[in-house]
Amino acid sequence: PEADDVQRSRKRLLERTERWDELAELIEREIAATADAEPKLPMLRRLAQLHRERRNDRASAADVLERMLALRPDDRVTRDALLIDLIALGRNEEAAGLLETKIDEATSKAPKLTLLHQLAGLLRDDLRDGDRAYAVYGRILELVPTDADAFAKMEQLDERDGNYERLLS
């Protein structure tokens with residue numbers, strides 16, 4: 001108990017003096033000294049927030065969020081925060097994987113369509129993967145066969161990538 005009070009006091013001092021790197025190191029040591037997963041989660045959440053908001057270090061924040069997901073894979077809030085960080089960092093392949101997970105978990109049509117459009121745009125514009133983007137637009141058309149925007153994007157992809165055979169079929 002006394003050691004806990006000392007740790008809390010030290011953290012408060014580091015916060016007041018805005019010594020964010022040292023505070024991050026202290027929290028990391030606390031996490032390492034904690035055996036069970038559940039008590040680690042709030043510490044990891046605080047560490048991710050510290051990295052993002054105080055240290056302006058999205059890469060470290062994303063790494064911490066990945067550790068949190070490893071402990072609790074069904075944590076949607078953590079997954080959403082990680083997705084934002086991955087996109088901001090340009091880690092688009094990883095972001096695409098998270099979007100696929102969110103699409104698989106979407107239970108209604110509207111959110112699924114929104115996520116499919118986001119994934120298609122990421123694949124088309126950021127990863128420049130025309131074939132995968134085309135396939136995602138195909139999934140959109142399975143849900144909404146009259147989606148003119150999806151048809152137009154598929155046509156644009158084929159023109160951009162020179163896939164004239166598919167364009168003519």
Side-chain angles (χ1 to χ4, degrees), residues 20-21 24-25 27-28 31-32 37-38 40-169:
W20 308 123
D21 293 344
E25 290 172 15
I27 295 170
E28 279 288 8
I31 293 166
E38 278 305 310
K40 284 184 180 186
L41 290 169
M43 289 183 262
L44 287 164
R45 188 170 316 285
R46 182 169 185 216
L47 183 59
Q49 183 179 12
L50 174 66
H51 285 311
R52 186 182 304 106
E53 296 174 9
R54 299 296 184 176
R55 297 186 65 244
N56 296 315
D57 184 352
R58 271 194 190 267
S60 293
D63 292 343
V64 172
L65 292 169
E66 287 175 329
R67 290 164 53 193
M68 290 175 68
L69 276 182
L71 295 174
R72 187 178 284 161
D74 61 337
D75 185 341
R76 291 180 180 176
V77 172
T78 298
R79 189 178 317 126
D80 290 347
L82 178 58
L83 179 60
I84 291 166
D85 283 344
L86 292 176
I87 290 171
L89 291 165
R91 290 168 54 184
N92 296 318
E93 195 62 56
E94 293 169 77
L98 278 183
L99 279 168
E100 283 288 2
T101 301
K102 288 179 66 147
I103 291 164
D104 292 342
E105 291 177 354
T107 56
S108 62
K109 189 174 176 178
K112 188 174 284 235
L113 281 170
T114 299
L115 292 166
L116 284 166
H117 277 285
Q118 184 180 2
L119 176 59
L122 182 75
L123 294 169
R124 181 190 69 235
D125 300 330
D126 299 314
L127 290 172
R128 301 205 50 87
D129 188 335
D131 289 335
R132 285 171 58 201
Y134 191 95
V136 173
Y137 285 119
R139 290 163 62 189
I140 291 169
L141 290 174
E142 288 173 11
L143 293 173
V144 183
T146 58
D147 188 324
D149 185 55
F151 277 120
K153 297 284 193 211
M154 292 169 94
E155 187 176 79
Q156 290 169 7
L157 280 169
D158 281 344
E159 286 176 8
R160 180 189 82 186
D161 296 344
N163 195 341
Y164 302 109
E165 216 171 286
R166 186 168 62 189
L167 185 60
L168 295 171
S169 63

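In this text, all values refer to a predicted model and were calculated from it rather than measured experimentally. What's counted below: heavy atoms across the whole structure, side chains too, no hydrogens, waters or symmetry copies.
Expressed to the nearest 0.5 Å, how far CG of N56 lies from CH2 of W20 amounts to 11.0 Å. Here the straight-line distance linking atom CD1 of I140 with atom CG of L113 works out to 6.5 Å at 0.5 Å rounding. Note that the CZ atom of R128 and the CG atom of D161 stand 7.5 Å from one another [nearest 0.5 Å]. Atoms CD and CG, from E28 and L50 in turn, are 10.0 Å apart once rounded to the nearest 0.5 Å. Note that CG of L123 and OH of Y137 are 9.0 Å apart. Values are rounded to the nearest 0.5 Å. Atom CG of D74 sits about 12.0 Å away from atom OG1 of T101, to the nearest 0.5 Å.
With hydrogens and angles disregarded, a donor-acceptor distance shorter than 3.5 Å links the side chain of R79 to the backbone of P73. Side-chain N or O atoms of K102 include none that pairs as donor or acceptor with a backbone N or O of L115 at under 3.5 Å.
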Checklist line | Step-by-step side chain to side chain contact (heavy atoms under 4.5 Å, CB included) determination, R58 to H51 | finding: CA-CA 7 Å; R58 271 194 190 267; H51 285 311; over 6 Å; no
Next item on the list: Report the C-alpha distance between H117 and D147 in whole Å, list the side-chain angles of each, state the deciding distance to 0.1 Å, and finish with yes or no for side chain to side chain contact (heavy atoms under 4.5 Å, CB included).
Entry: CA-CA 11 Å; H117 277 285; D147 188 324; 3.5 Å; yes
Next item on the list: Please assess L47 against M43 for the test side chain to side chain contact (heavy atoms under 4.5 Å, CB included), listing each intermediate value before the final yes or no.
Entry: CA-CA 6 Å; L47 183 59; M43 289 183 262; over 6 Å; no
Next item on the list: Before giving the answer on side chain to side chain contact (heavy atoms under 4.5 Å, CB included), spell out for K109 and V144 the whole-Å C-alpha distance, their side-chain angles and the decisive distance to 0.1 Å.
Entry: CA-CA 9 Å; K109 189 174 176 178; V144 183; 3.7 Å; yes
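Proximity of I103 to L119: side-chain heavy atoms (C-beta onward) are separated by under 4.5 Å at one or more points. Contact annotation: the side chain of L143 approaches that of L116 to within less than 4.5 Å [non-hydrogen atoms, C-beta and beyond]. Looking only at side-chain heavy atoms (C-beta outward), R91 and D85 stay at 4.5 Å or farther from each other. Side chains of L98 and E94 form no contact here, defined as non-hydrogen atoms less than 4.5 Å apart. A 4.5 Å side-chain heavy-atom check between L157 and N163 finds every atom pair outside the cut-off.
Between L65 and A48 the shortest heavy-atom distance is CD2-CB, 4.0 Å. Across all non-hydrogen atoms, the minimal contact from A81 to R52 is CB-NH2, 4.1 Å. Residues A120 and A133 share a closest heavy-atom pair of O-CB, 3.8 Å.
In this structure, R132 pairs ionically with E93, as a charged nitrogen and a carboxylate oxygen lie closer than 4.0 Å. By the 4.0 Å N-to-carboxylate-O rule, R139 lies close enough to E100 to be salt-bridged with it. Remark: D21 engages R55 in a salt bridge, criterion side-chain N to carboxylate O under 4.0 Å. Contact check on R45 versus D75 returns a salt bridge, with a Lys/Arg side-chain nitrogen under 4.0 Å from an Asp/Glu carboxylate oxygen.
Results of the side-chain contact (heavy atoms from CB on, under 4.5 Å) test with I87 over L83, L89, I84 single out L83 as the only residue that passes. Screening L71, L69, L41 for a side-chain contact (heavy atoms from CB on, under 4.5 Å) involving T78 leaves a single residue, L69. The residue from E66, Q49, M68 that alone fulfils the side-chain contact (heavy atoms from CB on, under 4.5 Å) condition with L44 is M68.
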